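Okay, structure first, notes after.
Here the structure is a predicted model, which means the values were calculated and not measured.
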Amino acid sequence: MRALFERAEAVFFDFDGVIVDSHDVKTRAFAALYADEHPGIVEAVMAYHDAYGGMSRYKKFDYFERILLDREPTRERIAELGDRFAGAVVEAVVASPEIPGAGALLHALSQRATPSYVASGTPEEELKQIVTRRGLERYFRAVRGSPAEKAEILGDLSARHAHDVSRCLMVGDAMTDYVAAQAVGMPFLGVVKQGHASPFPQGTTFAATLHVFQEAP
C-alpha cells in the first residue's frame, strides 16, 4: 500500500469512511428520516445507502421516494429531506473519529509536497464547512463535493492542476469511488472497515486503516 502513495503524483480522497469514520452516522440519519415508514422500507433505505455510500444524498432521496415509496419526489420534498438530513449529521460528522492513520497520512503527504484533494458526494458547501471545522483544510489543495459527479471532479481537478490521472491515486470506501476512478483511468485504493466484506471487484487493493508511512500502534 505504501508504494501506491509513494509513486502518486497527487492523491484524491473521498471523505466519509475514508478520512472520518462517519458512514454509520449517515446510515442512522437516513433511517431516522424514514422511521415512520414500514420497517422493510427503513431496512431498504439503509441497505441502499450502504451499497452506494459515495452517492449524492439527493439522488438517494429521489430513489427512496420514487422507487421504494412509489411517489413523485417533488422539489420541495427533496429539499426538506436534505435540510433535515444536514441538520442531523453535520455536528456528528465534525465530532466523528478519524479513520485510523488518516491524519498522519495527510500530514506525511503535505510534508512530501504531494497534493491532496477531497472528492466527495456530500454537498460542497457543507463539506467545506466540515473540513474547516475539523482543522483539515490546510492539507487539501481543493475540496469538492456534489452536485458535481465524482468522475467529473477527478477529471476537472486533474486537468486544472496538470496531473496525469494514471499517476494519481483515488482513495475511497464505496463502489461509487471505484467507478469514478475507473472512468478517468486513475489507480484506486479501497478503505474497508475491519470485519466488513470488501464491496470492490476481486483483485482490488484495499486496507482497513491508513497507517501508511508509520506503523500502526
- [ ] Taking atom OH of Y52 as the centre, report whether more than 12 heavy atoms of other residues, nucleotides or ligands fall under 6.0 Å from it.
- [x] no
Open item on the list: Using the rule given for side chain to side chain contact (heavy atoms under 4.5 Å, CB included), can you reason through R28 versus H23, listing the C-alpha separation, both sets of side-chain angles and the distance that settles it, and then say yes or no?
Closed with: CA-CA 9 Å; R28 291 192 296 269; H23 181 83; over 6 Å; no
Ignoring hydrogens and angles, write down the donor-acceptor pairs under 3.5 Å from the side chains of residues 92-110, residues two or more places apart or on other chains.
{"from": "S96", "atom 1": "OG", "to": "A92", "atom 2": "O", "distance (Å)": "2.7"}
{"from": "E98", "atom 1": "OE1", "to": "G103", "atom 2": "N", "distance (Å)": "3.2"}
{"from": "E98", "atom 1": "OE2", "to": "G103", "atom 2": "N", "distance (Å)": "3.4"}
{"from": "S110", "atom 1": "OG", "to": "H107", "atom 2": "O", "distance (Å)": "2.6"}

Open item on the list: Rounded at 0.5 Å granularity, tell me how far CZ in F61 sits from CG in L33.
Closed with: 5.0 Å
- [ ] Could you tell me which non-hydrogen atom of T122 sits nearest to which non-hydrogen atom of E126, and how far apart they are?
- [x] CG2-OE2, 3.7 Å
TODO: Provide the closest heavy-atom pair for A148 versus I153 in the form atom of the first, atom of the second, distance.
DONE: CB-CG1, 3.8 Å
Task: ILVMFWY cluster, V18 and V131 together (side-chain gap under 4.5 Å) - done: yes
Open item on the list: Nearest 0.5 angstrom please: E152 CD to S146 OG, how far?
Closed with: 11.0 Å
Task: side chain to side chain donor-acceptor pair (under 3.5 Å) partners of residues 173-185, not counting sequence neighbours, each pair once - done: K150-D177
- [ ] Take S158 and F12 through the test side chain to side chain contact (heavy atoms under 4.5 Å, CB included) and record every step on the way to the result.
- [x] CA-CA 10 Å; S158 296; F12 295 77; 3.6 Å; yes
Task: Taking every non-hydrogen atom, the tightest pair across T27 and M46 - done: CG2-CG, 3.8 Å
TODO: Would you check if L127 and V118 make a side-chain contact, meaning some heavy-atom pair closer than 4.5 Å?
DONE: yes
- [ ] Search all heavy atoms of C168 against all heavy atoms of P187 and return the closest pair with its distance.
- [x] O-CD, 3.1 Å
Open item on the list: For K60 and H49, which I'm curious about, is there any donor-acceptor pair between the side chains at under 3.5 Å?
Closed with: yes
TODO: Please check if V11 and M1 belong to a single hydrophobic cluster, counting links between Ile, Leu, Val, Met, Phe, Trp and Tyr side chain heavy atoms closer than 4.5 Å.
DONE: yes
Task: Distance (rounded to the nearest 0.5 Å) between D156 CG and R160 CZ - done: 4.5 Å
Task: Residues R144 and E149 bridged, charged N to O under 4.0 Å - done: no
- [ ] Would you please test R7 and R167 for side chain to side chain contact (heavy atoms under 4.5 Å, CB included) and show each step?
- [x] CA-CA 7 Å; R7 62 176 176 252; R167 299 179 62 189; over 6 Å; no
Open item on the list: Taking the ring of F140 and the ring of Y117, is the distance between their centroids below 6.0 Å?
Closed with: no
Open item on the list: Do the side chains of D24 and K193 get close enough for a salt bridge, i.e. N-O under 4.0 angstrom?
Closed with: yes
Open item on the list: Listing request: all side chain to side chain donor-acceptor pair (under 3.5 Å) pairs with a residue in residues 194-206, at least two apart in sequence or in separate chains.
Closed with: none
Task: Test side-chain hydrogen bond (donor to acceptor under 3.5 Å, both in side chains) applied to E43 - qualifying residues, sequence neighbours left out - done: none
- [ ] Check whether F213 and L210 end up in the same hydrophobic cluster, where Ile, Leu, Val, Met, Phe, Trp and Tyr are linked by side-chain heavy atoms less than 4.5 Å apart.
- [x] yes
- [ ] Give the cluster check for M55 versus F188: same hydrophobic cluster or not, with ILVMFWY residues linked at side-chain heavy-atom distances below 4.5 Å.
- [x] no
Task: Over all atoms of both residues, closest heavy-atom pair of P123 and Y58 - done: CG-CE1, 3.9 Å
- [ ] Would you mind reporting whether R112 and F5 have side-chain heavy atoms less than 4.5 Å apart?
- [x] no
Task: For the student: nearest non-hydrogen atoms of V42 and A31, plus distance - done: CG1-CB, 3.8 Å
Task: Minimum side-chain heavy-atom gap E137-V143 below 4.5 Å - done: no
- [ ] Apply side chain to side chain contact (heavy atoms under 4.5 Å, CB included) to the pair L68 and Y34, showing each step before the final yes or no.
- [x] CA-CA 11 Å; L68 297 184; Y34 290 94; over 6 Å; no
- [ ] With the side chain counted from C-beta on, respond yes when F15 and V20 share a heavy-atom pair under 4.5 Å apart, and no when they do not.
- [x] yes
Under 3.5 Å, side-chain donor or acceptor atoms of residues 75-82 against the rest of the protein: list the pairs with distances, not counting sequence neighbours.
{"from": "R77", "atom 1": "NE", "to": "E65", "atom 2": "OE1", "distance (Å)": "3.4"}
{"from": "R77", "atom 1": "NH2", "to": "E65", "atom 2": "OE2", "distance (Å)": "3.4"}

Open item on the list: I'd like to know if D70 pairs up with R66 as an ion pair, taking the criterion as any Lys NZ or Arg NE/NH1/NH2 lying under 4.0 Å from an Asp or Glu carboxylate oxygen.
Closed with: no
Open item on the list: Around atom NE2 of H161, are there more than 12 heavy atoms from other residues, nucleotides or ligands closer than 6.0 Å?
Closed with: yes
Task: Straight-line distance of M186 CE to H163 NE2, nearest 0.5 Å - done: 8.5 Å
Task: Check: Y63 ring centroid to Y48 ring centroid under 6.0 Å - done: yes
- [ ] Using the salt bridge (charged side-chain N to carboxylate O under 4.0 Å, His left out) rule, pick out the option among D50, D21, D16 that qualifies with K26.
- [x] D16
Task: Spacing of CZ belonging to R138 relative to CG belonging to L136, to within rounding of 0.5 Å - done: 7.0 Å
Open item on the list: In the structure I gave you, are the side-chain heavy atoms of M175 and P201 within less than 4.5 Å of one another anywhere?
Closed with: yes
TODO: Tell me whether the centres of the aromatic rings in F30 and F85 are closer together than 6.0 Å.
DONE: yes
Open item on the list: If hydrophobic clusters are built from ILVMFWY residues whose side chains come within less than 4.5 Å, do Y139 and L169 share one?
Closed with: yes
TODO: Ignoring hydrogens and angles, tell me if any N or O in the side chain of E9 forms a donor-acceptor pair with the backbone of D164 under 3.5 Å.
DONE: yes
Task: All side-chain hydrogen bond (donor to acceptor under 3.5 Å, both in side chains) counterparts of R133, not counting sequence neighbours - done: E91
Open item on the list: For the CD1 atom of I19 and the OG atom of S116, what is their distance to the nearest 0.5 Å?
Closed with: 8.0 Å
